[in-house]
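Below, read A as the first sequence line, B as the second, and so on, with proteins coming before strands; counting in each chain starts at 1.
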Amino acid sequence: MLVGSIIDVTSPQGRFASGAAVLDGRECYVAEAYGKHLLLHFDGEIFLHIHLGLFGRIRKHKIPAKDPRGAVRVRLVSATHVVDINGPTICEIIERESMEKLICRIGPDLIRDDADPDRAYERISKSRVTIGKLLMDQSEIAGIGNIYRTEILWRQSIHPDTAGRAITRRQFESFWTDAKELLTIGVKRNAIITVDDPPARSRVGERLNIFNKAECPTCAGPIARLKINGRRAFVCVNCQPLVPNKKLRV
DNA sequence: TTGATTGTTACCGG
DNA sequence: TCCGGTAACAATCA
């Protein structure tokens with residue numbers, strides 16, 4: 001990520017212009033991510049908080065920079081590069097207190113070394129909410145989005161409608177390890193890859209197992225389409241059976 | 001021009 | 001208090 005000296009900050013367009021000016025001339029020491037939130041730490045205990053949401057993009061270019069493309073909210077300029085932040089849901093300047101509050105309300109981030117899986121399991125194993133919904137709740141576990149949800153549950157043979165409290169410790173541990181590996185690959189390759197051996201130059205469909213597909217790569221059975229919290233989800237009816245748990249009553 | 005989309009939050013009602 | 005549903009917002013591309 002971006003770490004180093006920012007010698008200029010401009011906000012060519014949009015409603016964040018006044019906030020961006022605060023960063024002008026400050027040094028940026030650390031860029032850190034907590035789940036899907038990005039925090040850039042500047043001089044004077046000032047943080048630039050960014051969440052890209054569904055559509056946001058970060059683009060890096062060498063100097064000399066071209067004109068900003070699209071809705072650039074903040075442009076960070078160093079001696080050698082510019083970084084444009086396009087269309088984020090959140091793009092704000094905050095102080096340490098707000099930054100700490102933010103971190104507190106985010107669940108353990110799968111790919112951070114300081115993540116505590118027990119904290120996530122503690123909550124999930126007590127919840128009547130389905131695991132499909134819990135995985136997208138960033139205050140439970142941070143990092144998983146809509147595509148990873150479908151793909152990881154398929155890899156773990158867990159039906160998304162399984163109640164959180166029906167997930168066993170063993171299942172959770174296996175899920176955590178797998179999810180962590182997949183997200184780490186995703187960061188490294190800058191792509192969502194959930195198949196074990198994707199072709200070198202793959203298309204989106206070749207990197208995924210069942211998301212947006214009709215047929216299960218393992219059993220060749222049909223893939224069912226669901227909506228969970230209004231988002232598309234997919235499930236293999238054979239490989240991810242919904243296990244009834246007689247001890248649980250809903 | 002329309003629809004879909006790797007996301008989040010506020011608000012309301014049961 | 002918990003939980004589900006809906007709307008709002010965002011930018012881009014096919």
Side-chain angles (χ1 to χ4, degrees), chain A residues 11-17 19 33-39 49-59 67-75 83-92 94 98 101-107 109-111 122-155 160-166 179-180 182-195 198 202-213 225-234 248-250:
Chain A
S11 184
Q13 302 175 26
R15 60 187 181 172
F16 303 107
Y34 290 85
K36 300 170 185 173
H37 297 258
L38 181 64
L39 289 165
H49 172 210
I50 293 158
H51 191 299
L52 294 177
L54 211 48
F55 318 116
R57 292 282 181 276
I58 295 177
R59 296 194 182 96
D67 284 345
R69 182 152 65 92
V72 173
R73 300 306 189 198
V74 174
R75 165 169 278 188
V83 171
D84 283 342
I85 297 166
N86 281 66
T89 306
I90 298 170
C91 183
E92 60 179 1
I94 58 175
S98 316
K101 267 189 203 159
L102 169 72
I103 291 169
C104 282
R105 75 178 169 82
I106 302 172
D109 175 341
L110 280 155
I111 57 171
E122 186 66 19
R123 290 169 59 103
I124 288 171
S125 63
K126 291 193 172 83
S127 180
R128 289 195 281 190
V129 176
T130 63
I131 191 68
K133 285 176 184 164
L134 291 170
L135 289 191
M136 288 280 283
D137 183 341
Q138 304 295 305
S139 64
E140 302 283 346
I141 291 184
I144 293 178
N146 196 38
I147 294 178
Y148 279 119
R149 164 173 70 183
T150 279
E151 291 289 314
I152 295 169
L153 288 174
W154 176 81
R155 288 170 60 102
D161 288 343
T162 310
R165 62 183 184 179
K180 183 172 180 171
L182 290 180
L183 291 188
T184 304
I185 291 169
V187 169
K188 200 177 286 175
R189 305 275 298 267
N190 195 28
I192 301 175
I193 300 168
T194 61
V195 296
S202 54
R203 299 171 178 220
V204 176
E206 295 172 319
R207 300 180 205 134
L208 305 175
N209 294 293
I210 65 163
F211 192 90
N212 212 13
K213 306 237 172 140
R225 290 167 175 256
L226 329 168
K227 284 233 166 182
I228 308 176
N229 282 1
R231 308 294 304 282
R232 293 195 297 165
F234 300 82
L248 298 175
R249 231 172 28 81
V250 179

Consider the side chain of A/N86, meaning its heavy atoms from C-beta on, and name the nucleotide among B/dG7, B/dT6, C/dT12 that approaches it most closely.
C/dT12
Worked verdict on A/K36 versus A/L52 for side-chain contact (heavy atoms from CB on, under 4.5 Å)
CA-CA 8 Å; A/K36 300 170 185 173; A/L52 294 177; over 6 Å; no
For A/D137 and C/dG5, give me the distance from atom CG to atom P, rounded to whole Å.
15 Å
With respect to the phosphate group of B/dT6, does any side-chain polar atom (N or O) of A/R231 fall under 4.0 Å of OP1 or OP2?
yes
Quick one: is A/H51 getting a side-chain N or O under 4.0 Å of the B/dG7 phosphate, OP1 or OP2?
no
From the candidates B/dT6, B/dT5, B/dT9, the one with an atom nearest any side-chain atom of A/F55 is B/dT5
Any donor and acceptor pair, going by atom type alone, linking the side chain of A/R149 with main-chain N or O of A/G132 inside 3.5 Å?
yes
Expressed as a whole number of angstroms, how long is the span from A/K227:NZ to C/dG4:P?
17 Å
For C/dC3, the nucleotide meeting Watson-Crick or G-U wobble distances (both under 3.5 Å) is B/dG13
Between C1' on B/dG7 and CD1 on A/I147, what's the gap in Å once rounded to a whole number?
12 Å
Please work out which of the three classes, parallel, tilted or perpendicular, describes the rings of A/H37 and A/H51, given edges at 30° and 60°.
perpendicular
Find the partner of B/dT8: check Watson-Crick (N1-N3 plus N6-O4 or O6-N4) and G-U wobble (N1-O2, O6-N3) distances, both under 3.5 Å, and reply none if neither fits.
C/dA8
Does A/R57 put a side-chain nitrogen or oxygen below 4.0 Å from OP1 or OP2 of C/dT12?
no
For the pair A/R123 (side chain) and A/G107 (backbone), establish whether a donor and an acceptor sit closer than 3.5 Å, ignoring hydrogens and angles.
no
From NE2 of A/H49 over to C1' of B/dG7, roughly how many Å is that when rounded to an integer?
12 Å
For A/R232 and B/dT5, is the shortest distance between a side-chain N/O and OP1 or OP2 below 4.0 Å?
yes
Measuring to OP1 and OP2 of B/dG7, would you say a side-chain N or O of A/Q138 lies under 4.0 angstrom away?
no
Indicate yes or no for a side-chain donor-acceptor contact from A/E92 to the backbone of A/I50 under 3.5 Å, with no hydrogens or angles considered.
no
Please report the distance, rounded to the nearest Å, between CG in A/L135 and C1' in B/dT6.
15 Å
Say we look at C/dA7 and B/dG3: how far apart would their P atoms be, to the nearest angstrom?
15 Å
Think A/K36 has a side-chain N or O under 4.0 angstrom from the OP1 or OP2 of B/dT6?
no
Taking CZ from A/F211 and P from B/dA4, how many angstroms apart are they, rounded to a whole number?
14 Å
Name the nucleic acid region contacted by A/R149, choosing base, sugar-phosphate or nothing; use a 4.0 angstrom heavy-atom cut-off, strictly under.
nothing
Could you pick out which residue, A/G230 or A/S127, lies toward the 5' side of DNA chain C when each is mapped onto its nearest nucleotide?
A/S127
Between P on B/dT5 and CZ on A/R225, what's the gap in Å once rounded to a whole number?
9 Å
Sidechain-backbone polar pair: A/E206 side chain, A/P198 backbone, donor-acceptor under 3.5 Å
no
Whole angstrom value for the distance that separates C1' of B/dG7 from CG of A/L52
10 Å
